[in-house]
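Right, one structure below, let's go through it.
Here is the naming used below: chain letters follow the sequence lines, and residue numbers restart at 1 for every chain. A quick note: this is a predicted structure, and the numbers were derived from the prediction, not measured.
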2 protein chains.
Amino acid sequence: MKSATINDVAKQAGVSKKTVSRVINNEANVSDAMREKVQKAVIETGFKRNPLGMALAKNRSLFIALLTDNPSPGYLMKLQKGILQGCTEEHMGLFLYDCSYYSNNLLDEVEEFIDNTLVDGLILAPPICDKLELLEMLNRKQVNYIRIGPSYRTQGEFVGLNYQKASFEVTSYLIRLNHQQIGYIKGHPDEESSVIKEQGYRNALEENGIKIDESLMVQGYYTYQSGKDAAALLLNKTPRPTAIFASNDEMAAGVLYEAQSRGIKVPQELSISGIDDISITTKVFPNITTYRHPLVNIGYNAAMLLIKRLKNKKNAPPCGDEKNNQIFEGELVIRDSTATIK
Amino acid sequence: MKSATINDVAKQAGVSKKTVSRVINNEANVSDAMREKVQKAVIETGFKRNPLGMALAKNRSLFIALLTDNPSPGYLMKLQKGILQGCTEEHMGLFLYDCSYYSNNLLDEVEEFIDNTLVDGLILAPPICDKLELLEMLNRKQVNYIRIGPSYRTQGEFVGLNYQKASFEVTSYLIRLNHQQIGYIKGHPDEESSVIKEQGYRNALEENGIKIDESLMVQGYYTYQSGKDAAALLLNKTPRPTAIFASNDEMAAGVLYEAQSRGIKVPQELSISGIDDISITTKVFPNITTYRHPLVNIGYNAAMLLIKRLKNKKNAPPCGDEKNNQIFEGELVIRDSTATIK
DNA sequence: GATTGGCTTGACACCGGTGTCAAATTGTGA
DNA sequence: TCACAATTTGACACCGGTGTCAAGCCAATC
């Protein structure tokens, strides 16, 4: 029950293997008559190209993989969904690999993964996408990659959200609701996104003439628990901030929990907002105001960019042109966790 | 910068390719002296077997894939994590493929995916794992598979939780808290797990001498929204049930939201429990009582079972022995969404 | 000493494609 | 009509491994 090979097609059409190869690869310099004859034979035999044979001959597998470091599950699910969509559309398989930013031998692990699967393209999710040594290793191994999320400190292409605008808009919105004491929970210190988002928060305050109170800015790590802990610090302050802006939704959910466990009414006594618009924001009560992060779309575009590059350029340089960077816009999503004060 | 091939090793050791092949595959009938000599050469050259070459020669890629139909994100994340763990341990790549149970040409899509990746093993998550036509296609294509979640109606091995015990224990616990009117939200009618779980609920009521009230049993579909909708039906009843048992956590979260949006206090006025112990249960307020579903472990074991089978048996029969089924036990996890009544 | 058999090793074809280069065919201009 | 170039096609080696089978070697048996 094996499927037809290129030899079967060649026999059926009465031509050489190579000619069949030319036709199925849409190469130039094939006569129309020949092309037609071969295409007919392809259909008759039900031929499907064996990707392994091709990979071996061309020394390019065309397989790609998503490298994650287990950020917020909601974030990952959205991203993964978009990437899968792109891969399916392009008839490509997607490998998954979960690693740890802080693993001692991250590089060896990833290198082994690449050797085991022979992927020749990677999509790097944050925070792994900012790990310089990793990027260098990929360059050395000639493995193409695209990164998710804006990243200017290190080289390589990225596809991501305009974070500065995101946090600027959320902060501005809270200010429009008359909040003056807006607690802010920072992102992971190792991720470049944290710096960018913080800048947006600062800019919005400044632009509205609100003095920046550093004690209202608390370190978080993009996790639920860190959001909860940070909220505890902020809610212990007197006077208590009237709003808390967590720099991602995962932390915002933690803030909501902490507030509710203290009997603080949301949004009557405390407004809460996040960034990302992951699924949990519409599953908790009240639904959380946030900023839409088009992660599905971002994942899709990242996958497409990578795949197209692999398919077109024979030996595409591992690191792309910065002009290929794609920065997406989102928009404020107002829900029930924010309200005007007084 | 290409890595050494088997030819390089052979040259270095002064032996034939085939002998090197024998050593790296740990075949019998190789003299100790020869084995040592080759192993030395392997180390010296830094040789790593090219999986593509092997796959082509043996006509088995050893790649596996996880086929999902996008159930609850929390469920999927846990499962995926365990599977990835197993794959990494066994130095295998994991392909991901997301499909839709109700797609008109599901079979064609999956078949194309298999042809594009040449996976020779699949892990099927529910509900896709109960789709008979799919299983038949996989048998025909000689693709091995393991299913997640108990499934007795269709053939093939599975690894899963003892659902009947799970729902029996949850129901019994609610009864111990003095609840008599326990609303039940069923699982998706197309999934076998729904039947099994429902039986556990019924058994617990009967065993405790509580008459089964069919109007307390509402259809759900394992999604958040369906849980919310079902809760709305149940909470409109008079007298209102004092507890609602949703047959998965995703729906339980929906129930919690619906109750809170009506101002019903949980757990004082309504107890809520689910099954699965996915991450959302500890992110909402109050944390949801549930039954631990060892999905990480289940995923890990499923991956191991599949990989071992692929590695050992050359032409393992696509469908395994029922004796290979692995049924796991979980345990009740009591949190804050349940309380004793009156 | 010749025969038998087990164990170890290597030559060679093959898996399913692609790259190279030369041969065959067609087209062009003088 | 012929020389020459451009286009189309095929023969063959090769990518990196594995399977088959025969040959070489040695000890045990008759």
Side-chain angles (χ1 to χ4, degrees), chain A residues 1-39 41-42 45-63 115-118 120 142 310-311 314-315, chain B residues 1-39 41-42 45-63 115-118 120 142 310-311 314-315:
Chain A
M1 195 54 192
K2 293 188 53 176
S3 77
T5 72
I6 208 169
N7 286 297
D8 302 327
V9 179
K11 210 170 294 170
Q12 172 86 10
V15 300
S16 74
K17 278 166 65 163
K18 182 63 208 181
T19 302
V20 176
S21 170
R22 288 197 179 93
V23 172
I24 62 181
N25 285 300
N26 250 314
E27 283 178 29
N29 298 335
V30 178
S31 71
D32 290 347
M34 181 62 86
R35 192 179 298 277
E36 226 167 284
K37 189 163 67 174
V38 171
Q39 276 164 347
V42 165
T45 55
F47 168 79
K48 283 176 185 168
R49 178 220 258 111
N50 181 326
L52 261 35
M54 188 213 68
L56 189 57
K58 296 186 107 141
N59 198 28
R60 304 187 296 140
S61 71
L62 285 188
F63 290 146
D115 290 338
N116 283 334
T117 55
L118 292 186
D120 40 27
Q142 311 250 58
L310 292 181
K311 284 192 177 170
K314 199 170 197 165
N315 288 310
Chain B
M1 195 52 193
K2 293 188 51 177
S3 77
T5 72
I6 208 168
N7 285 297
D8 302 327
V9 179
K11 211 171 294 171
Q12 171 86 8
V15 300
S16 74
K17 278 166 63 163
K18 181 63 206 182
T19 301
V20 176
S21 169
R22 287 196 179 95
V23 171
I24 62 181
N25 285 299
N26 249 314
E27 284 179 29
N29 298 334
V30 179
S31 71
D32 290 347
M34 180 63 85
R35 190 178 300 276
E36 228 166 284
K37 189 164 65 173
V38 172
Q39 275 164 347
V42 165
T45 54
F47 168 79
K48 283 176 184 170
R49 178 219 258 112
N50 181 324
L52 261 35
M54 188 212 70
L56 189 56
K58 298 185 105 140
N59 198 27
R60 305 188 295 137
S61 71
L62 285 188
F63 291 146
D115 290 337
N116 283 334
T117 54
L118 291 185
D120 40 28
Q142 312 251 59
L310 292 181
K311 284 192 177 169
K314 198 173 199 164
N315 288 310

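- In this structure, the NZ atom of B:K18 is 20 Å from the P atom of D:dG24, given to the nearest Å.
- Nucleotide D:dT20 holds its P atom 16 Å from the NZ atom of B:K17, rounded to whole Å.
- A:D115 has its CG atom 14 Å from the C1' atom of D:dG16, to the nearest Å.
- Atom CG of A:L62 is separated from atom C1' of C:dT18 by 13 Å (rounded to the nearest Å).
- Nucleic acid contact class of B:V20 (heavy atoms, under 4.0 Å, all strands): none.
- Of the candidate nucleotides C:dT18, D:dT18, D:dG16, D:dT18 has the atom lying nearest to any side-chain atom of B:I24.
- A:K37 places its NZ atom 10 Å from the C1' atom of D:dT9, with the value rounded to the nearest Å.
- Each of D:dG17, D:dT8, C:dG19 was ranked by its minimum atom distance to the side chain of A:E27; first place goes to C:dG19.
- Considering only side-chain N and O atoms, B:S31 lies under 4.0 angstrom from the phosphate OP1 or OP2 of C:dT9.
- In terms of phosphate contacts, A:N29 brings a side-chain nitrogen or oxygen within less than 4.0 Å of OP1 or OP2 of D:dT8.
- When each of A:E36, A:M34, A:R35 is checked for a side-chain contact (heavy atoms from CB on, under 4.5 Å) with A:V38, only A:M34 meets the rule.
- Contacts of B:N50 with the nucleic acid, taken as non-hydrogen atoms under 4.0 Å apart, involve only primed sugar atoms and P, OP1 or OP2.
- At distances below 3.5 Å, at least one donor-acceptor pair connects side-chain atoms of A:T45 with backbone N or O atoms of A:A41.
- Taking 3.5 Å as the limit, the base of D:dG17 and the side chain of B:K58 contain no donor-acceptor pair of atoms between them.
- Comparing B:N59 and B:T19 by the nucleotide of DNA chain C whose heavy atom lies nearest to each, the residue mapping closer to the 5' end is B:T19.
- Under a 4.0 Å N-O distance rule, the pair B:R60/B:D120 does not qualify as a salt bridge.
- Of the residues near DNA chain C, B:S16 and A:R49, the one whose nearest nucleotide (by heavy atom distance) lies more toward the 5' end is B:S16.
- Without hydrogens or angle criteria, A:D8 side chain to A:A4 main chain gives no donor-acceptor distance under 3.5 Å.
- Checking side-chain atoms of B:N50 against main-chain N and O of B:L52 turns up a donor-acceptor pair under 3.5 Å.
- Checking D:dG17, C:dC7, C:dG17 against every side-chain atom of B:M54, the shortest atom distance belongs to D:dG17.
- Residue A:N7 is classed as having no contact, given no heavy-atom separation below 4.0 Å to the nucleic acid.
- In this structure, B:L52 atom CG and D:dT18 atom P are separated by 13 Å, rounded to whole Å.
- Between the base of D:dG19 and the side chain of B:R22 there is no donor-acceptor pair shorter than 3.5 Å.
- Atom CG of B:L56 is separated from atom C1' of D:dG16 by 9 Å (rounded to the nearest Å).
- Rounded to whole Å, the distance from CZ on A:R60 to P on C:dG16 is 21 Å.
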